[in-house]
Amino acid sequence: MDLQLKEEDEHDLGIEVVVQDGDKQAPCCVHGPTLLFEKVCIGDKKGRRFYACSACRDRKECAFFQWEDDKVSEARLLAREEDIRSKMPPFTHQEYCARLRKFLALPLGRRFCQDCQLLLLPGEWESHASHKMSHAEDLTEARLSRPSLLLKPLENKKSNAQFLFADRSCHFLLDTIAQQGYRKVLCVGTPRLHELIKLRNQEGKGDPMKSLLLDIDFRYGQFNSTEEFCHYNMFNHHFFGGEAAEKVLLSFLVEEDGEKVIMITDPPFGGLTKPLAQSFSQISDMWRKLQTFADSDVEIPMVWVFPYFFEPRILECFPSFTMLDYQVDYDNHPLYKHGKTGRKQSPVRLFTNLRPQDVVLPKEEGYRFCKVCVRYVWSENRHCNKCNLCPSKDGRQWKHCSECQKCVKPSWRHCQSCGHCALPEHPCGNSPGLEGCFICGSLKHKRKNCPDKMKQTTRNNRPNRPKAQGGRNTPKQQAKKPKRKSGAQRRANKLKMAAE
Ligand SMILES: C[S@@+](CC[C@H](N)C(=O)[O-])C[C@H]1O[C@@H](n2cnc3c(N)ncnc32)[C@H](O)[C@@H]1O
Ligand SMILES: [Zn+2]
Ligand SMILES: [Zn+2]
Ligand SMILES: [Zn+2]
Ligand SMILES: [Zn+2]
Ligand SMILES: [Zn+2]
Ligand SMILES: [Zn+2]
């Protein structure tokens with residue numbers, strides 16, 4: 001089974017994020033302004049709304065919760081502020097930079113505490129004596145220029161599985177950007193690409209490039225100057241360093257002497273597409289305002305790395321984007337790394353507003369140019385003369401169904417009673433099942449086809465989520481979840497479908 005993450009996850013969850021109109025101030029957690037969510041209830045047109053953390057999918061990581069209509073007491077506000085203060089990183093970015101200078105000047109004995117993920121100064125050795133330590137031989141200049149190899153990838157599955165690019169995907173991205181003449185790379189959640197750019201400069205390969213990393217992982221502040229890194233939350237466009245940090249981004253976005261800017265982002269896959277797109281649009285607006293001749297709808301050149309089944313969601317937010325066939329490989333992903341035994345197909349793709357024909361996908365990895373589609377495609381993605389396109393999304397060879405008049409996944413069969421193609425063992429007859437519609441309760445249709453859903457235009461649908469990364473629940477004590485199939489039952493169904 002190579003594709004474990006499934007698009008069938010759509011409509012699975014009862015919580016949706018509400019795109020805020022106007023500038024109503026959301027309360028803040030330690031991760032900046034929270035997002036407004038709505039619990040969808042059966043038979044209930046308007047579910048109750050609540051604020052929860054923008055960055056953390058798991059309440060164990062950030063427990064912030066507030067009903068929209070809650071009156072919050074002064075005492076609770078103070079306690080909240082205190083909580084935020086107590087969870088701040090141990091050092092400011094400036095302090096980290098001063099520490100790094102001292103660290104590099106140490107005559108003898110460099111130490112890095114693996115438990116605290118901190119470069120230590122001699123006066124601190126004693127208080128970390130019982131911790132696991134890396135010593136001088138592991139902390140050479142070369143090693144320190146690859147912090148993504150030194151730091152332990154964050155592994156909290158739900159919000160921040162920190163999957164790092166495999167070398168060949170990272171080099172492919174960098175070569176593509178360089179070849180297209182970009183000289184400034186805004187790395188949003190791509191620490192490994194950022195460090196590769198810095199290395200390339202150090203080695204004097206090609207024209208120098210600038211890179212600015214925006215990431216929520218503050219540990220990277222230890223290895224980067226204030227011009228190279230901002231502590232940033234991409235789900236609410238929040239700069240933890242305040243206005244000064246925002247100015248760093250602003251001045252980075254200025255294109256002087258023909259230094260073209262491009263933004264590359266690889267958000268956590270459990271992330272909500274709409275808030276991400278909102279933040280990226282804000283970055284794009286900042287960039288556009290700095291352009292002297294730009295018209296009002298020109299966007300910052302961007303590559304958004306995300307699984308293929310998010311395509312409809314991303315295109316909804318960025319209609320000018322194209323999904324490319326390139327399969328992104330990761331070093332530390334258990335399923336999608338390129339192993340010795342051959343490549344497991346990765347579901348992760350590039351979504352971009354660059355011209356698809358300009359992104360040359362490597363022939364030696366099995367990509368070819370389709371003259372009709374005017375883009376590079378995966379070898380198994382055969383051009384269909386009836387659809388007049390290369391139809392495959394998941395890397396398998398799709399086949400044309402003359403009744404549906406489109407290409408479908410190889411495992412699907414045309415079902416006469418449903419009137420369209422589906423898996424052979426699909427629940428037949430388009431029956432809404434015993435539970436009926438999740439929005440209005442009707443037994444005549446599923447939530448997907450609910451007429452009420454169409455009316456709710458301000459509401460963002462929950463994006464498809466990889467099952468392993470789960471979903472957000474309202475706190476058990478505070479909100480009763482609508483009755484659904486058991487998690488185990490749903491997971492079993494999905495895994496079954498994923499295997500097809
Ligand atoms: C899937 S990893 C991508 C790493 C990338 N493939 C690389 O090798 O450079 C997601 C990255 O986004 C960062 N991240 C996670 N949540 C974030 C948030 N709310 N705001 C900003 N960055 C975030 C993580 O720290 C991590 O670096
Ligand atoms: Zn939070
Ligand atoms: Zn320690
Ligand atoms: Zn084609
Ligand atoms: Zn076709
Ligand atoms: Zn069919
Ligand atoms: Zn059927």
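Counting convention: from 1, in listed order, for ligands and their atoms alike.
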- Within Cys401, is some N, O or S atom less than 2.8 Å away from the Zn ion (ligand 6)? yes
- Message: Nearest 10°: the angle subtended at the Zn ion (ligand 2) by Cys29 SG and Cys53 SG?
- Response: 110°
- Message: Given 3.5 Å as the limit, does a donor-acceptor pair link the side chain of Arg349 with the main chain of Val328, or not?
- Response: no
- Item | Heavy-atom donor-acceptor pair, Asn236 side chain to Ser54 backbone, under 3.5 Å | no
- Message: For a distance under 2.8 Å, tell me if His414 has an N/O/S atom near the Zn ion (ligand 6).
- Response: yes
- Query: Restricting to N, O or S atoms of His128, which is nearest to the Zn ion (ligand 3)?
  - Reply: ND1
- Sidechain N-carboxylate O distance under 4.0 Å for Glu316, Lys274: yes
- Looking at His31, the N/O/S atom that lies nearest to the Zn ion (ligand 2) is called ND1
- Identify the heavy atoms of Leu104 and Arg110 that sit nearest to each other, and give their distance. O-NH2, 3.2 Å
- Item | Geometry at the Zn ion (ligand 3) - Cys113 SG versus His131 ND1 angle, rounded to 10 degrees | 110°
- From Phe351 CZ over to Met302 CE, what is the distance, rounded to the nearest 0.5 angstrom? 13.0 Å
